Amino acid sequence: YSISATEDHLIKTIDAEGNYVDKKLKDIDIAKDFVCLKLGSNIFPKKEYMFEEFNVDKCTNYKHMVLPKSLNVDLARFLGLFISEGSIQKIKDRTKYSSFSCSLSANVDGGEFIHAAFSLFKRLFKNRLTTMFISENRTVFSYNSVLFCEWVMSLFDDVYVKNKDIHIPDCIKQSPRQIQVEFIKWLFEGDGTHKAICNGCRIEYSSKSERLVQELQLMLLNLGILSTIRFESRKGYLGERYFTLHIVGKDSYDLFMSEIGFVTYYKTTHCKYSTDISNISSYYLPNQHDLLNKIKEEYYKTTNKCYSGY
C-alpha cells in the first residue's frame, strides 16, 4: 500500500517503543514504525487492471499466445496457484524463460484440485496444454511459451517463484475485490492448511518469503480478517526459515470462510465443520516486548506469586 497525503497529515502508528502515536507523515520512520490500517477498510479499485503491451523476440516459428489485456478472474486464480505450486524454467543454453509447469497431488482430496486446475489451464492455454500423469496420485501440467513465461516473470520483477523474495504482484494489489479474493482463494488452496489445535482449529499459510506473507496479511486486513505472522524452522530444511500466517479469532475465521474459502469441497467442508469449535483468539502486536516487561516487573513488585505464562 502507499499513502498520498500532505507531509503534515496525521497517521496512526505503532512506534519503536510500542506506543500508539499519531505522527505526521513526514516524521514516520518506515524502518521502525508500523502504520495502522483500519480493519475491514475494503479499499479496492473499481476498474479492472490493464496491462501494458509486452513483447519478446521470437525464438521459434511457433505461434505466440495472445497475452491478456486486463487482469481477469482466471488469471488471478492462475497467479495464486503459480506462487504456491508452479514454476517457470529456462531451457538449457537459452537466456529466456520458456516453460511453465505445475505439479499437483491427489493424495488427500481425491484429485478434486487437479480437476479444478486442469479446467483453469484449459481455459487459459487451450490445446497447447500438456498433461503428464506421473503416478496414480500426481499430475504435472506444463505449457511452453517464451512470451507467456517472460511476461509472467515480469509481473514478479523477474524474481524466481521459489525464491525467498517472491511477492504478490502489483497487478493483484491494484485490482477490484473479486480479483483479490480469487487470488487469495487459490493461493490458500495450494499452500494453505487447516490444522486442529488443542483449543479449536487454525487456518494458516506458509512461505519462505517474509514479504509475501506480510503482503498477504495486509490484503486480509483490508477484507476485515485478522492474522498474525510467526517464523519457524523445519526438519529437512536446515538454515531455512518459514513464515507462517495464522487466521486468528472466530470472527476472522468465519469471515475468511464466507468471503474467501477454498477451491475444493474437501477443504471447505473440513473448515466449515470446524467453525463451531472455539477458535484461537490471540494475535500479535508489534514492538510490545519492552512494555510487557515493564508491566511484569511492576506486577512482581506487588506480589510474590508467579504464574506460568505471564
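Note that the structure is predicted; figures quoted are calculated from it, not measured.
Two residues are said to be in side-chain contact when any heavy atoms from C-beta on lie closer than 4.5 Å; T269 and F262 fail this criterion. Between M219 and I172 the shortest side-chain heavy-atom distance falls below 4.5 Å. For the pair Y20 and I14, the minimum side-chain heavy-atom distance is below 4.5 Å. You'll find the side chain of D15 stays beyond 4.5 Å of the side chain of K32, heavy atoms only. Using a 4.5 Å heavy-atom cutoff, the side chains of K23 and D33 are in contact. In this structure, F156 and P169 have side chains that are in contact, with non-hydrogen atoms separated by less than 4.5 Å. At a threshold of 4.5 Å between non-hydrogen side-chain atoms, the residues I229 and Q214 count as touching. N144 places none of its side-chain heavy atoms less than 4.5 Å from the side chain of T130.
Counting all heavy atoms, side chain and backbone alike, L155 lies closest to H167 at O-CE1, 4.1 Å. For T131 against T139, the heavy-atom pair with the smallest separation is CG2-CG2, 3.7 Å. Contact between L81 and A117 at its shortest, heavy atoms only, is CD2-CB, 4.1 Å. Counting all heavy atoms, side chain and backbone alike, S145 lies closest to R128 at CB-NH2, 3.8 Å. Between I260 and L223, the closest heavy-atom pair is CD1-CD1, 3.8 Å. Closest approach of S175 to C171, counting heavy atoms only: OG-O, 2.5 Å.
Checked against a 6.0 Å centroid threshold, the rings of F100 and F121 count as neighbours. Taking the six-membered ring where the residue is Trp, the centroids of F125 and F141 are separated by 6.0 Å or more. For F148 and F54, the ring centers sit 6.0 Å or farther from each other.
Counting heavy atoms of neighbouring residues, nucleotides and ligands inside a 6.0 Å radius, atom NZ of K122 exceeds 12 of them. Counted within 6.0 Å of NZ on K69, heavy atoms from surrounding residues, nucleotides or ligands total 12 or fewer; the atom is thus considered open. Applying the 6.0 Å contact sphere to CG of D165 captures more than 12 heavy atoms from other residues, nucleotides or ligands. No more than 12 heavy atoms of other residues, nucleotides or ligands lie within 6.0 Å of NZ in K47, so this atom counts as exposed by the packing criterion.
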message: For T95 and K90: C-alpha separation, side-chain torsions, deciding distance, then whether side chain to side chain contact (heavy atoms under 4.5 Å, CB included) applies.
response: CA-CA 7 Å; T95 59; K90 294 178 181 178; 5.7 Å; no

message: Test side chain to side chain contact (heavy atoms under 4.5 Å, CB included) on D170 and Y49; report intermediate values, then the result.
response: CA-CA 10 Å; D170 289 342; Y49 184 90; 5.5 Å; no

message: If you apply the rule side chain to side chain contact (heavy atoms under 4.5 Å, CB included), what do you find for E85 with L104, and how did you get there?
response: CA-CA 7 Å; E85 304 292 345; L104 298 176; 3.8 Å; yes

- request: Start with the C-alpha gap between M153 and K96, add the side-chain angles, then the distance that decides, and say whether side chain to side chain contact (heavy atoms under 4.5 Å, CB included) holds.
  value: CA-CA 10 Å; M153 291 302 295; K96 290 183 169 60; over 6 Å; no

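For the pair D191 (side chain) and Y205 (backbone), a donor-acceptor distance under 3.5 Å is absent. One N or O on the side chain of S41 and one on the backbone of K38 form a donor-acceptor pair closer than 3.5 Å. Here the side chain of S209 pairs a donor or acceptor atom with the backbone of K164 at under 3.5 angstrom. Counting only distance, with no hydrogens or angles, the side chain of E204 and the backbone of T193 share no donor-acceptor pair below 3.5 Å. Listed for the K267 side chain is a donor-acceptor partner under 3.5 Å among the backbone atoms of G192.
Atom NZ in K126 sits 7.5 Å away from atom CE in M65 (nearest 0.5 Å). Rounding to the nearest 0.5 Å places CZ of F183 at 4.5 Å from CD1 of I168. L255 contributes atom CG, which lies 11.0 Å from atom CE of M257 (distance to the nearest 0.5 angstrom). In this structure, CG on L79 lies 11.0 Å from OG on S84, to the nearest 0.5 angstrom. Note that CG of L221 is 11.0 Å distant from CG of L216, once rounded to the nearest 0.5 Å. We find the CG-CD distance between L245 and Q217 to be 6.0 Å, quoted to the nearest 0.5 Å.
Ring geometry for F51 against W151 counts as perpendicular: the plane angle is over 60°, on a 0 to 90° scale with 30° as the lower cut.
Residues L120 and L67 share a single hydrophobic cluster, defined by chaining ILVMFWY side chains whose heavy atoms lie under 4.5 Å apart. Note on I11: it does not cluster hydrophobically with V21, by side-chain heavy-atom contacts below 4.5 Å among ILVMFWY residues. L10 and V35 are not part of a single hydrophobic cluster, where members link through side-chain heavy atoms under 4.5 Å apart.
Checked options R123, E189, K185; the residue passing with R77 is R123 (criterion: side-chain contact (heavy atoms from CB on, under 4.5 Å)). If you run ring pair (Phe, Tyr, Trp, His ring centres under 6.0 Å) between F113 and each of Y265, Y266, W186, F188, only W186 comes through. A side-chain contact (heavy atoms from CB on, under 4.5 Å) with F82 holds for exactly one of L75, L187, V152; it is V152.
Under the side chain to side chain donor-acceptor pair (under 3.5 Å) criterion, N293 pairs with H289, sequence neighbours left out.
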